[in-house]
Amino acid sequence: MENGEKAAETVVVGNYVEMEREGKASDLKSKLSDMFWHGGSAYDAWFSCASNQVAQVLLTLPYSFSQLGMLSGILFQLFYGILGSWTAYLISILYVEYRTRKEREKVNFRNHVIQWFEVLDGLLGKHWRNVGLAFNCTFLLFGSVIQLIACASNIYYINDNLDKRTWTYIFGACCATTVFIPSFHNYRIWSFLGLVMTTYTAWYLTIASILHGQVQGVKHSGPSKLVLYFTGATNILYTFGGHAVTVEIMHAMWKPQKFKSIYLFATLYVLTLTLPSASAVYWAFGDLLLNHSNAFALLPKNLYRDFAVVLMLIHQFITFGFACTPLYFVWEKLIGMHECRSMCKRAAARLPVVIPIWFLAIIFPFFGPINSTVGSLLVSFTVYIIPALAHIFTFRSSAARENAVEQPPRFLGRWTGAFTINAFIVVWVFIVGFGFGGWASMINFVHQIDTFGLFTKCYQCPPPPVMASSPPPISHPHFNHTRGL
């Protein structure tokens, strides 16, 4: 069995070493391209995972804390961070298993990006493929929608001369330029910059809230209602469920078997950003956050806040690309353009993917509540339940377990321990995440529609100042000054 494992590892590693040699720089232009544009190392994967995981949710986590309360908010972040890291590990194991089996059959992936639904198809059949494809594409579609909504929500706090819907039109056009980014290989500099931007924003939120101090009469009444409690919990489930693009990130690595613990280390870093910032903002503003899902709305306008807004706008553009690139790949495969060498032709073919995202962002501009809805209905299955079940069914036979490329960790009890953790995740996420979370988030989402309406022009914008009406002119009676003469 050990020889089989080593042979399988050689298959995967061998091809990636060969690709690495082909990609070595030969001149200055190639060296610069490799430095900023063409990534594939474990560090690139770590930056991609960490940058993609903590995007606009950084601004909505204080809102979730106001729904959950401080203690529950912290505990749910730690809990879902662990669960998310485990299921990302499962996805990486299934990817390596699938790729190894295919490369033993002499399948060449040189010009083909492997995706999650193809892993499910190769390991478990077409029915699993169809379910995985439906959930994954729908989640990534709405993940892109959320980034577009966040762009409009953030820029409004710098320039409120235009309403948020108009800003959505503008940023929809800007984000459409991501069609020109070929694959996750080419996010090297963007992933690095994205993480720098979110790090600044997180510590700005923390320090600005502490310096601001608590508002007068601040109240911390959460959790006050079950609906709000489970809505906040599913937003955190969404926060640590950003590994729907794990397979694409792995495929961009020179040695994908190194990915196993990368997502865990990315999560640990993300927690150093989310826990202090969400706790500090909630401490300072308390229940005011219940009506302000974007933390920028409550912090005083100054140069530091405006700089954070600009950085988050750039980062949301990057995250839009992260969420949308797998959709581009699916669309390319559907229309037969995936292996086309012309990037201009592929970019033109990708444009139709952006149109429904643009449209949905205009229909449902509910920044904050939409995160919880997507988390409960889509993330719960896409990155928690389906990977856990897929791992169980892929290795349900003793022969599959014996010939597995990667054995579960010994300290977790090997296969028994892995299957027990998987079963717990399936039951917990289905009942708490999908069940209670879906119920609460849908009630909250419908409430937003009833309150603001679909296609609302400016969600949660302060009402325009009422102009004081000028008093009516005083009419003076006409005096005839000659009457007494």
Side-chain angles (χ1 to χ4, degrees), residues 12 15-16 18-19 22-23 37-40 48 91 94-145 147-148 172-173 175-187 190 244-254 256 320-360 378 382 386 390:
V12 180
N15 281 3
Y16 273 81
E18 185 180 349
M19 287 176 66
E22 289 179 1
W37 180 249
H38 195 68
S48 294
I91 293 171
L94 293 172
Y95 168 86
V96 172
E97 184 73 27
Y98 166 77
R99 178 151 188 171
T100 303
R101 292 183 187 183
K102 287 297 180 183
E103 290 186 341
R104 283 171 178 165
E105 299 169 5
K106 307 302 182 184
V107 177
N108 187 355
F109 294 107
R110 187 74 63 183
N111 297 316
H112 184 94
V113 177
I114 298 173
Q115 295 189 265
W116 175 232
F117 70 92
E118 293 169 319
V119 173
L120 292 174
D121 186 23
L123 296 177
L124 295 168
K126 65 178 182 179
H127 296 301
W128 282 81
R129 175 200 65 193
N130 295 338
V131 172
L133 180 63
F135 273 106
N136 209 43
C137 287
T138 309
F139 167 46
L140 292 171
L141 180 77
F142 278 96
S144 304
V145 168
Q147 300 308 319
L148 199 49
C175 289
T177 59
T178 56
V179 298
F180 290 101
I181 301 177
S183 73
F184 283 96
H185 274 298
N186 312 112
Y187 275 95
W190 295 113
V245 296
T246 296
V247 170
E248 289 82 1
I249 292 174
M250 284 189 69
H251 192 81
M253 294 177 66
W254 303 124
F320 181 94
F322 269 114
C324 221
T325 298
L327 295 177
Y328 295 151
F329 293 155
V330 172
W331 178 250
E332 288 171 357
K333 292 171 184 177
L334 182 66
I335 63 175
M337 291 288 291
H338 184 58
E339 296 186 6
C340 176
R341 294 301 183 95
S342 172
M343 194 56 234
C344 290
K345 290 181 180 179
R346 288 177 64 191
R350 290 173 169 187
L351 278 174
V353 177
V354 182
I355 295 172
I357 295 170
W358 211 347
F359 186 63
L360 288 168
L378 298 173
T382 305
I386 292 177

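The structure presented is a predicted model; accordingly, all values stated were derived computationally and were not measured.
- Side-chain contact check for Thr178 versus Arg350: every heavy-atom pair is 4.5 Å or farther apart.
- The main-chain N or O of Lys126 is found under 3.5 Å from a side-chain atom of Asn130 such that the two form a donor-acceptor pair.
- Of the possible donor and acceptor atoms, none in the side chain of His251 sits under 3.5 Å from a partner among the backbone N and O of Tyr95.
- Using a 4.5 Å cut-off on side-chain heavy atoms (C-beta onward), Val245 and Leu140 make contact.
- If you take CG on Leu133 and OG1 on Thr138, they are separated by 8.5 Å, rounding to the nearest 0.5 Å.
- Closest approach of Met250 to Pro256, counting heavy atoms only: CE-O, 3.2 Å.
- Residues Arg346 and Cys340 come closest through the heavy atom pair CD-O, 3.2 Å.
- Remark: Lys333 pairs with Glu118 by the salt bridge (charged side-chain N to carboxylate O under 4.0 Å, His left out) rule, at least two apart or across chains.
- Of all heavy-atom pairs between Met343 and Val179, the closest is CE-O, 3.3 Å.
- When all heavy atoms of Ala348 and Pro352 are compared, the pair lying nearest together is O-CD, 3.8 Å.
- Rounded to the nearest 0.5 angstrom, Phe139 CZ and Asn136 CG are separated by 8.0 Å.
- Using a cut-off of 4.0 Å between Lys/Arg side-chain N and Asp/Glu carboxylate O, Glu97 and Arg101 are scored as salt-bridged.
- Residues Cys137 and Leu327 form a side-chain contact, since some pair of their non-hydrogen atoms from C-beta on lies under 4.5 Å apart.
- Side-chain contact between Val353 and Cys324 is present, with heavy atoms from C-beta onward closer than 4.5 Å.
- Residues Gln115 and Val330 meet the side-chain proximity criterion, which asks for heavy atoms closer than 4.5 Å.
- Residues Trp116 and Leu94 are in side-chain contact: their nearest non-hydrogen atoms beyond the backbone lie under 4.5 Å apart.
- Counting heavy atoms from C-beta on, the side chains of Glu103 and Phe109 come closer than 4.5 Å.
- Judged as a ring-ring contact (aromatic ring centres under 6.0 Å, His included), and not counting sequence neighbours, Tyr98 has no contacts.
- Residues Ile249 and Ser48 come closest through the heavy atom pair CD1-CB, 4.0 Å.
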Does Tyr328 form a side-chain contact (heavy atoms from CB on, under 4.5 Å) with Val354? I'd like the steps, not just the answer. CA-CA 9 Å; Tyr328 295 151; Val354 182; 3.7 Å; yes
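- For the residue pair Pro182 and Phe329, the shortest heavy atom distance occurs at O-CE2, 3.4 Å.
- Around CH2 of Trp128, the count of heavy atoms belonging to other residues, nucleotides or ligands within 6.0 Å exceeds 12.
- The distance from the CG atom of Leu148 to the CZ atom of Phe359 is 13.5 Å, given to the nearest 0.5 Å.
- Distance check: Ile386 CD1 to Leu120 CG gives 7.0 Å after rounding to the nearest 0.5 Å.
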